Protein chains: 2
Amino acid sequence: MIDNQLIAKLKAKHIKITPKREAILQLFLNRECCFSPDQVWGHLRKQFKHCGLPSVYRNLELFAQHGVLTKIQKTDRRLYYALCKDHDDHPHYHMICVDCGRVEDVPTNIVPEVDKVKGFKILKHFYQAEGVCQQCAN
Amino acid sequence: MIDNQLIAKLKAKHIKITPKREAILQLFLNRECCFSPDQVWGHLRKQFKHCGLPSVYRNLELFAQHGVLTKIQKTDRRLYYALCKDHDDHPHYHMICVDCGRVEDVPTNIVPEVDKVKGFKILKHFYQAEGVCQQCAN
DNA sequence: AAATAAATAGAAATGATTTCTATTTAAGGG
DNA sequence: CCCTTAAATAGAAATCATTTCTATTTATTT
Ligand SMILES: [Mn+2]
Ligand SMILES: [Mn+2]
Ligand SMILES: [Zn+2]
Ligand SMILES: [Zn+2]
């Protein structure tokens with residue numbers, strides 16, 4: 001059912017595979033959308049009688065720390081996470097559908113060349129695009 | 001004292017020029033840094049005996065709506081605003097010094113060409129860089 | 001100076017996120 | 001399998017940045 005490569009990766013990092021964690025990953029694998037902790041919680045409560053929201057927050061952040069999920073910035077300033085498949089192997093950014101929440105990895109060759117312009121030493125940069133995906137355009 | 005061109009611009013938009021608003025603009029004009037509402041409030045309370053935090057929130061958002069200020073994304077996920085001088089005349093992004101908070105407008109020619117790649121219709125995009133400014137590097 | 005719509009202070013509410021702690025559980029070794 | 005142990009969890013409570021509400025004040029126009 002769940003991606004075995006992903007499980008192996010997590011085990012290699014000494015991260016326990018719990019039913020809740022599997023269900024969270026499964027949700028992101030099934031629907032390639034971004035979800036807020038609250039949305040993930042709502043999904044988990046269908047499967048599990050007991051389910052704490054703080055655990056959802058902790059696990060989403062854990063997955064983000066290990067490159068499995070990426071944080072998505074939306075205008076409502078709440079937390080959103082999405083699956084990041086090309087985990088740091090190739091530079092890419094994320095494109096979010098404002099309609100359905102779909103998140104696509106898009107390879108990029110944007111490189112900050114600006115340290116010459118203003119004398120800034122760039123430590124990190126962030127690019128994100130919003131729009132309407134092909135499916136939602138119809 | 002305060003930028004008269006800016007005042008004229010605001011009057012043209014039927015925005016009342018109040019002492020608090022002048023003081024907020026003056027702060028951003030004096031120090032080209034990003035500030036949180038709380039930081040602006042702390043500054044205003046030195047000059048004004050009575051000063052409500054909700055007014056600060058409202059005014060910062062008002063200025064942002066009218067392109068005078070721009071929102072800055074920091075990792076602490078709190079609101080930050082900075083002066084945006086090149087207001088939409090030229091495409092540019094913002095570079096933030098992680099040390100002193102300085103914000104620089106940097107012209108860009110980054111154009112999202114990705115609607116071809118994945119069939120996405122891009123509505124807006126956001127780029128921001130973080131680093132250390134020349135002054136703080138010394 | 002008076003009229004008026006907008007701006008404000010201050011208190012209170014909101015709600016997403018975090019913290020805390022006792023209990024449960026996954027993983028590894030016998 | 002059964003034990004052991006460190007990690008994960010639920011649930012309640014706290015936190016705290018941001019927003020809402022309302023009576024009062026104020027900037028602008030007559
Ligand atoms: Mn990704
Ligand atoms: Mn700007
Ligand atoms: Zn879509
Ligand atoms: Zn600096």
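Quick note on labels: first sequence line is chain A, next is B, and so on, each numbered from 1. Just so we're clear, the structure is a prediction, and the values are computed from it rather than from any experiment.
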Residue [X], side-chain atoms from C-beta onward, closest of [options]:
X       : options                : result
A:Lys16 : C:dA27, C:dT17, D:dT28 : C:dA27
A:Arg58 : C:dT8, D:dT18, D:dA8   : D:dA8
A:Pro54 : D:dA12, D:dT19, C:dA7  : D:dA12
A:Pro19 : C:dA7, D:dA17, C:dA26  : C:dA26
A:Ser55 : C:dT17, D:dT9, D:dT28  : D:dT9
B:Arg21 : D:dA10, C:dT17, C:dT8  : C:dT8
B:Leu79 : C:dT17, D:dT18, D:dA10 : D:dT18

Next item on the list: Please report the shortest heavy-atom distance between B:Ala129 and B:Tyr93, naming the atom on each side.
Entry: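 Minimum heavy-atom contact is CB-CE1, 4.2 Å.
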Next item on the list: Please name the pair of heavy atoms, one in A:Tyr81 and one in A:Pro37, separated by the smallest distance, quoted to 0.1 Å.
Entry: CE1-CG, 4.5 Å
Are OP1 or OP2 of [N] and a side-chain N or O of [X] less than 4.0 angstrom apart?
X       : N      : value
B:Thr18 : C:dA6  : no
A:His50 : D:dT9  : no
B:Tyr57 : D:dT18 : yes

Check: Taking for each residue the nucleotide of DNA chain C with the nearest heavy atom, is it A:Ile15 or B:Arg77 whose nucleotide lies nearer the 5' end?
Finding: B:Arg77
Check: Taking atom P of D:dA27 as reference, at what distance in whole Å does atom CD of B:Glu22 sit?
Finding: 10 Å
Check: Taking CG from B:Leu53 and C1' from C:dA7, how many angstroms apart are they, rounded to a whole number?
Finding: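 It is 15 Å, rounded to the nearest whole Å.
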Notebook entry, point to check: With a non-hydrogen cut-off below 4.0 angstrom, is A:Asp38 in contact with a base, only sugar-phosphate, or nothing?
Noted result: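 No contact at all - A:Asp38 keeps every heavy atom at 4.0 Å or more from the nucleic acid.
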Note to self: Could you measure the distance from the NE2 atom of A:His92 to the OG1 atom of A:Thr108? Nearest 0.5 Å is fine.
What the structure shows: 10.0 Å
Notebook entry, point to check: Does one side chain, of B:Gln65 or B:Glu61, offer a donor that lies under 3.5 Å from an acceptor on the other?
Noted result: yes
